[in-house]
Each structure stands twice: as C-alpha cells, then as structure tokens.
Amino acid sequence: MRPSEGSKLRVVFGADHGGFYLKKEMTARLKGNYEILDIGAVSFEPDDDYPDFVVPVAETVVSGRAQRGIIICGSGVGACIVANKIPGIRAAICHDMYSAHQGVEHDDMNVLCLGARVIGTELATELVIAFLEARFSGEERHRRRFEKTLAIEKQALSGGGGKKEGV
Ligand code: RB5
C-alpha cells in the first residue's frame, strides 16, 4: 500500500530492550518526514520480550494502518524470525545499504529488522531511509517471484506445508 500524493508514509516502529534506545533516536530523527506510530516499548525494561513488540508492528502493517514497519532488537534476528511468522509480512535484517532498498525493489519487503548491538545510529538512519524511500519495481520477473512466494505462504496456511507443486 502506498501513501496518497502529498501524504506522508506511515511507518510503525517497535523494539524490545535491545533496540529501545535506537528506536527512540530513530523516531526522533524521522518524525519530520514520516508519520510515525510507535507501539513500544515505551520504557527500557531489561526483561521484556521481542515477540510482544513484533506482533503489533506486523499487525499494523498487514492491516494497512502503516505502510512499512521497523523492528529493532539486539541483533535483529529474533525480530525477523517472529515477523515472518505473520502472514503478509516480508521481513529481513538489512545491515547494508544495497539490501535495504533492493529488498523492497525486488521482494516487496515491508518490514525492516535492525540489530542495535550490531550497527550504529548513523548507519541505522541511512538504512531506514533507504528502506522507506524504496518502491517495489513491479517488473515482471519480480512479480512472478512475489506471486510464487505468496503461493507458498497460502499453501502453508492451508496446512499443506511449504512445498507447492511447480514452485
Ligand atoms: C535480548 O537480549 C536479545 O536477545 C534480543 O533483543 C534479540 O537480539 C534477539 O534476537
């Protein structure tokens, strides 16, 4: 889903204790250019659990209340694993600039996962902007792969596992 002409892209952020301070800094930096929804954590709680923040971010994106999601944990790994359990989410950890935009252009990635213990604030900011400014190319070969990916998800949801004939 794309924002209409002139309106700001709506972006939902979530983070556990591992990503709490980076989220705070990111949302402060980006709020002038994007409409930011922050689903928490609202305070630093060293014992909180990343799945509790990933699911609301994922649901916000799937429902269309935000066009993109950003989830920050210590490594980005836990966030990414959980996010990809939610149908309709295409999440990846991107700690390099190429993947941050190419993941959208080729794969229609809708959630970016970051590891606050792995990358610094400046790189994180550039990665987030590259992700948010990228658009799915819509080229035939990327659409074809996207459709195959959706078919695998549909098959898994119907109880047929990940294997689909002809894929
Ligand atoms: C929390 O300590 C840490 O395990 C979590 O933020 C994340 O890195 C998991 O992948």
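In what follows, every heavy atom counts, from backbone to side chain, and hydrogens, waters and symmetry copies are set aside.
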message = With rounding to the nearest 0.5 angstrom, report the CD1 to SG distance, I93 to C113.
response = 6.5 Å
ask   = What distance do D16 atom CG and F44 atom CZ have between them, rounded to the nearest 0.5 Å?
value = 9.0 Å
key: Heavy-atom closest pair, residues I39 and G14   = CD1-CA, 3.8 Å
note = Given the options V82, V12, I89, V57 meets side-chain contact (heavy atoms from CB on, under 4.5 Å) only with V12
message = Same cluster or not: L37 versus V111, using hydrophobic residues (I, L, V, M, F, W, Y) connected whenever any side-chain heavy atoms lie under 4.5 Å apart?
response = yes
request  = Check whether any side-chain heavy atom of R68 sits under 4.5 Å from a side-chain heavy atom of L9, and report yes or no.
outcome  = yes
query = Between E139 and R145, is the closest basic N to carboxylate O distance under 4.0 Å?
reply = no
query = What is the distance from atom CD1 of I70 to atom CG of N110, rounded to the nearest 0.5 Å?
reply = 11.5 Å
query = Is there a path of hydrophobic side-chain contacts, each under 4.5 Å between heavy atoms of I, L, V, M, F, W or Y residues, that connects V54 with I81?
reply = no
inquiry  = Is any side-chain heavy atom of R10 closer than 4.5 Å to one of Q67?
reply    = yes
inquiry  = As an exercise, state the distance from NZ of K8 to CG of N33, rounded to the nearest 0.5 Å.
reply    = 7.0 Å
remark   = L132 and R135 have their tightest heavy-atom pair at O-NH1, 2.7 Å
ask   = Less than 4.5 Å apart, any side-chain heavy atom of C94 and any of M109?
value = yes
task = For K23 and A41, indicate whether the former's side chain and the latter's backbone hold a donor-acceptor pair under 3.5 Å.
result = yes
task = Carefully, step by step, assess R29 and T121 under the rule side-chain contact (heavy atoms from CB on, under 4.5 Å).
result = CA-CA 10 Å; R29 287 185 180 200; T121 310; 3.5 Å; yes
query = Taking all non-hydrogen atoms of both residues, which atom of E153 and which atom of G88 are closest, and how far apart?
reply = OE2-N, 3.1 Å
Hphob cluster co-occupancy, V77 + Y50, side-chain heavy atoms under 4.5 angstrom = no
message = Looking at D49 and D52, would you say the former's side chain and the latter's main chain have a donor-acceptor pair under 3.5 Å?
response = no
message = With clusters defined by side-chain heavy atoms of hydrophobic residues (ILVMFWY) lying less than 4.5 Å apart, directly or transitively, does Y34 cluster with L22?
response = yes
request  = Kindly indicate, with the supporting measurements, whether the criterion side-chain contact (heavy atoms from CB on, under 4.5 Å) is fulfilled by L127 and M97.
outcome  = CA-CA 6 Å; L127 292 168; M97 290 297 286; 3.8 Å; yes
task = Taking all non-hydrogen atoms of both residues into account, name the closest pair between S75 and V118 and its distance.
result = CA-CG2, 4.1 Å
task = State the CG-CZ distance between L114 and F13, to the nearest 0.5 angstrom.
result = 8.0 Å
request  = Quick one: pull up CZ in F53 and CG in D48 and give me the separation to the nearest 0.5 Å.
outcome  = 4.0 Å
Salt bridge flag under 4.0 Å for residues R143 and E147 = no
request  = State, to 0.1 Å, how close C80 and A92 come at their nearest heavy-atom pair, and which atoms those are.
outcome  = SG-CA, 3.7 Å
message = Evaluate D107 against H142 for side-chain contact (heavy atoms from CB on, under 4.5 Å), listing each step before the verdict.
response = CA-CA 7 Å; D107 313 314; H142 299 311; 5.6 Å; no
request  = Report the relative orientation of the aromatic rings in F146 and F136; use parallel for angles under 30°, tilted for 30 to 60°, perpendicular for over 60°.
outcome  = tilted
key: Derivation of the side-chain contact (heavy atoms from CB on, under 4.5 Å) call for L30 and I129   = CA-CA 9 Å; L30 297 170; I129 293 170; 4.0 Å; yes
ask   = Do V11 and V62 share a hydrophobic cluster, counting only Ile, Leu, Val, Met, Phe, Trp and Tyr and linking them when any side-chain heavy atoms are less than 4.5 Å apart?
value = no
